[in-house]
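The block underneath contains the structure these notes are about, expressed in structure tokens.
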Amino acid sequence: MSCVIGQVSADRVIEWVLGQPLWLRWLGSAGIIFLLSLLVSVVIAALGRESRKPGALCLSVGVATAVALVGWSVATRSGSMAVHQLFGGALAVIVRAVLVSNRLEVLDWIAPRVDRLSYRIVYVGLAMLLALPFIVGHWESKPRPRAITRGLYDAIEECGRTGKPVFLLNAWIMDSRGENQPQFEVIVDHLMRQRVKFVMLSFSPDTTLVGRSLCQKIERYYKDRYGEDYIQYGRDWLEIGYRPIYQTNGWLAWVPNMKTKGIVGAFTTDYMGVDLWKYPIMARPQAALEEERAKEAAEGKEAPKEAGSPSGTESDGGAGSEQGTGASDAGSTDGAAEGGVSEGETVDTSKYLQLGDFGLILEVHYVGTVEQLIGLIRLDNELRGPDGKPKIKVGLGTVNMVVNQMLPYYDSGDLSGILAGVQGAVEYSELLQDEYGEGPSREGVRQRANPYSMGVLFVLSVIILGNLSTLWQKISERREARGAD
Amino acid sequence: MSKERIIRTTILVAGIYFIVEFLIKGISSGVDNGFFKKVTPVFTDVLIVIGLFAIGIGLVNIFMLHSHRIIRFRPNWEHSIVLFVGFFTVMTFAVLKWTGPQPPPGQPHVGAGNLFDYVVTKILVHMNSTIYSFLAFFVTSAALRAFRVRGLESAVMMVSAVIVLSAMAPETSFPFLAQFREWMDAKINTAVFRALTFGMILGGITVAMRMWLGIERGAMFEAT
């Protein structure tokens, strides 16, 4: 009975602690570690050692921090509290160093040791901190989504409302996997969750397979959750596959190709070798057809025909049978053929998805070729709406290093939104969670977010420590010079 | 006509074509009667073919370099053998995948056909990530040794770095820090990078114009 009461009380205490504001948790951690370190100092003194010596001081704070870290991590099963203990330990060292009577001796002892800190200790410390989330368990990070993240989220939501597909460029590489893979996961999760149609083109040989398996994993998740018909390859999403040629030609040769030949003429088959025109997703969206009809009517030309259904049935928006997976039956060869798409078959590519029919071009890239892409879209008459603004939005998921140079394009409205590194993926995941609940991408994002923030905090700590030690050494030198005078 | 002159003339003509196409598109898409719409796909196909040649040239170059190293037992010739072994092994797996029995759409390859996917997803992916992750250790050691305040400018940079780094990690992202960081990104950062981009693009246009007109020294045939 007493154990149960004790457990319930402990759970309540832990819940209360985790619900407190960040600054209070830090201060509380520092306070607890300070008290624990005093206890350790008493023990050191009881053993007959000088407890105010700098080495003993650091040892007492170090032991107290370790005890608090292990204790809180085990109790709360939250690595977040472990981080607070580390910062609490740092604060406790400073407070104890300031309070002791031989504070100058303590600081003179610590400063040059920080300066001369061996690289091995730094690397081991970093490795341990990066491994911490995998030891104590991953915790929830709740960053505030920035405007650049929300902009991309809203752009995809708008594609869902208007029915326009998204053109997803899978251009990241394994080197940038840490930042780009979670971005890719949350974007595909959002697209599939909302059943926003998307077509994926890959530029990198290694991430083609990874991207495909991620899409298939997320597709399987939603099929298991909502039924086999919820989302289907060929109807709701499609992968063109890897096209190395575009990679060697400045990445953007696909743009004029798609503009002149349409997607069916430019790429001809998907990654399985099936003709693109056989897939229902290749049908032009109703909004695009109506827009073109209005434009042709205004110019006094004949209205564009809808793409014929290969199996003879007309579905909303044009081509395609009711079957979702794989190819539908071969058929339609009417009209003037442009762009031979496969041997013996010619298809009027103008009846299928064109570049202007996409609502959003979304690139997940370690660098980002959006500057040229924006230029190509902005300066093309056919890709501008009646108000002069581009018909297609552009979004980008990229590494943190590159985000700053892309911000001017976001500021000018050329970019609808940017996912900035892992942090962007976490923010996006927060938006998805708030709106739609837990999803398949959440776990992958969390697994990367926690070590990422540990790494960032470690770098921040060494920058501060290094500068503080340099400052203290300069102060000591001046003090000695004054003392010598 | 010398080879150099032929190349320069080709570059000039190609540049004129694309400039005229760009200007025509900007004026009206109907002025050219669809001429550019018919001709541009040919150019993009040519570009694609040239790119394929580049892949081939790269491969031939690598083979020549490493085979010379092996034949003449130059330093690190063992690494060249590893390169060839790895290259031909993965090529073999890829050929087995392409030429072997094809599974139904959406299903994975089995048996020998799966080896290529295995090498890529289970080995190559993780090796690449590991190599790139070393950067974390380099950055950390640089942060400890090199990122020191030495004057006013470095102090300003350090303060903004601390603010941005703090805002990046949710554990230290206080609301005022996050807002300040967003303000810095939206106002200061954007303005600075916009100015930098203008400068870089103007410089790039200048160099491109000079290369197009064939007056850039050291661009193709002359020593710098």
Side-chain angles (χ1 to χ4, degrees), chain A residues 22-23 80 83-84 117 119 122-123 126 130 141-144 146-147 173-178 205-206 209-210 213 216 233 244-245 248-249 253 256-257 260-261 272 274 325-326 379-382 404-405 407-408 411 423 426 449 453 455-460 462-467 470-471, chain B residues 22 25-26 28-29 37-38 40-41 43-45 47-52 54-55 105-106 117 120-121 124-129 131-133 136-137 139-141 143-145 147-149 158 161-162 165-166 168-175 178 182 185-186 189-194 196-197:
Chain A
L22 189 67
W23 64 270
S80 176
V83 175
H84 299 323
L117 199 61
Y119 282 127
V122 174
Y123 294 158
L126 177 63
L130 292 175
S141 324
K142 293 210 170 280
R144 200 173 68 112
R146 288 173 286 173
I173 54 175
M174 274 300 130
D175 294 357
S176 62
R177 181 187 179 198
D206 40 5
L209 290 176
V210 174
S213 68
Q216 288 169 347
Y233 180 84
I245 322 157
T248 58
N249 281 285
N257 240 359
T260 48
K261 299 180 194 171
M272 292 187 279
V274 177
T325 51
L379 298 166
D380 194 314
N381 281 335
E382 291 174 21
N404 286 329
Q405 72 191 63
L407 285 174
D411 186 60
Q423 194 185 7
V426 175
S453 57
V456 165
L457 291 175
F458 191 73
V459 170
L460 178 64
V462 297
I463 289 176
I464 294 173
L465 270 177
N467 280 289
T470 306
L471 179 66
Chain B
F22 174 79
K25 271 198 304 197
S28 164
S29 58
K37 203 166 181 176
K38 286 176 195 150
T40 300
F43 274 116
T44 53
D45 289 341
L47 208 62
I48 289 165
V49 171
I50 291 171
L52 284 171
I55 293 175
D117 289 348
V120 171
T121 56
L124 182 66
V125 156
H126 302 296
M127 279 165 59
N128 272 339
S129 307
I131 296 290
Y132 198 65
S133 65
F137 296 91
V139 168
T140 309
S141 58
L144 182 64
R145 297 275 185 259
F147 292 175
R148 300 294 167 96
V149 173
M158 207 58 64
V162 166
L165 280 170
S166 305
M168 278 166 74
E171 287 76 13
T172 53
S173 180
F174 295 100
E182 260 198 80
D185 277 345
N189 241 352
T190 302
V192 167
F193 271 93
R194 186 171 276 141
L196 275 172
T197 307

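Every chain is numbered from 1 and lettered A, B, ... according to where its sequence line falls, protein lines coming before strand lines. Keep in mind that the numbers below use all heavy atoms, side chains included, and drop hydrogens, waters and symmetry copies.
- With a 4.5 Å cut-off on non-hydrogen atoms, A/Phe458 touches chain B through its side chain but not through its backbone.
- In this structure, B/Thr190 OG1 and A/Asp411 CG are separated by 5.0 Å, a value rounded to the nearest 0.5 Å.
- If you measure heavy-atom distances from B/Thr197 to chain A, the contacts under 4.5 Å come from the side chain alone.
- Looking at B/Thr121, the atoms closer than 4.5 Å to chain A (heavy atoms on both sides) all sit in the side chain, from C-beta outward.
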Going through the checks in order, is the side-chain contact (heavy atoms from CB on, under 4.5 Å) test met by A/Arg177 and B/Val125? CA-CA 9 Å; A/Arg177 181 187 179 198; B/Val125 156; 3.4 Å; yes
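- Side-chain contact between A/Val462 and B/Thr140: present, with at least one pair of heavy atoms (C-beta onward) separated by less than 4.5 Å.
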Stepwise side-chain contact (heavy atoms from CB on, under 4.5 Å) test for A/Leu209 and B/Asp117: CA-CA 8 Å; A/Leu209 290 176; B/Asp117 289 348; 3.5 Å; yes
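- For A/Leu465, no part sits under 4.5 Å from any heavy atom of chain B, backbone or side chain.
- Looking only at distances, no side-chain donor or acceptor of B/Asn189 sits under 3.5 Å from a matching main-chain atom of A/Asn404.
- With a threshold of 4.5 angstrom between heavy atoms, B/Met127 does not approach chain A through any atom at all.
- Taking both residues in full, the closest heavy atoms of A/Tyr123 and B/Phe137 are given as CE2-O, 3.4 Å, listed atom of the first, atom of the second, then distance.
- Both the backbone and the side chain of A/Arg146 have a heavy atom closer than 4.5 Å to some heavy atom of chain B.
- Neither the backbone nor the side chain of A/Ala449 comes within contact range of chain B; no heavy atoms are under 4.5 Å apart.
- Only the side chain of A/Gln423 has a heavy atom closer than 4.5 Å to any heavy atom of chain B.
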Could you walk me through whether A/Leu407 and B/Asp185 satisfy the side-chain contact (heavy atoms from CB on, under 4.5 Å) test, starting with their C-alpha distance in whole Å, then the side-chain angles of each, then the deciding distance to 0.1 Å, before giving a yes or no? CA-CA 8 Å; A/Leu407 285 174; B/Asp185 277 345; 3.9 Å; yes
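- No side-chain heavy atom of B/Leu124 sits less than 4.5 Å from a side-chain heavy atom of A/Met174.
- Looking at every heavy atom in both residues, A/Tyr119 comes nearest to B/Ser141 through CE2-CB, 3.2 Å.
- The heavy-atom pair separating A/Leu460 from B/Ser166 by the smallest distance is CD2-OG, 3.5 Å.
- Both the backbone and the side chain of B/Leu144 have a heavy atom closer than 4.5 Å to some heavy atom of chain A.
- Of the listed residues (A/Leu471, A/Val210, A/Leu117), the one with the most heavy-atom contacts under 4.5 Å to chain B is A/Leu117.
- Nearest heavy atom pair, residue B/Phe147 against residue A/Asn467, reads O-ND2, 3.0 Å.
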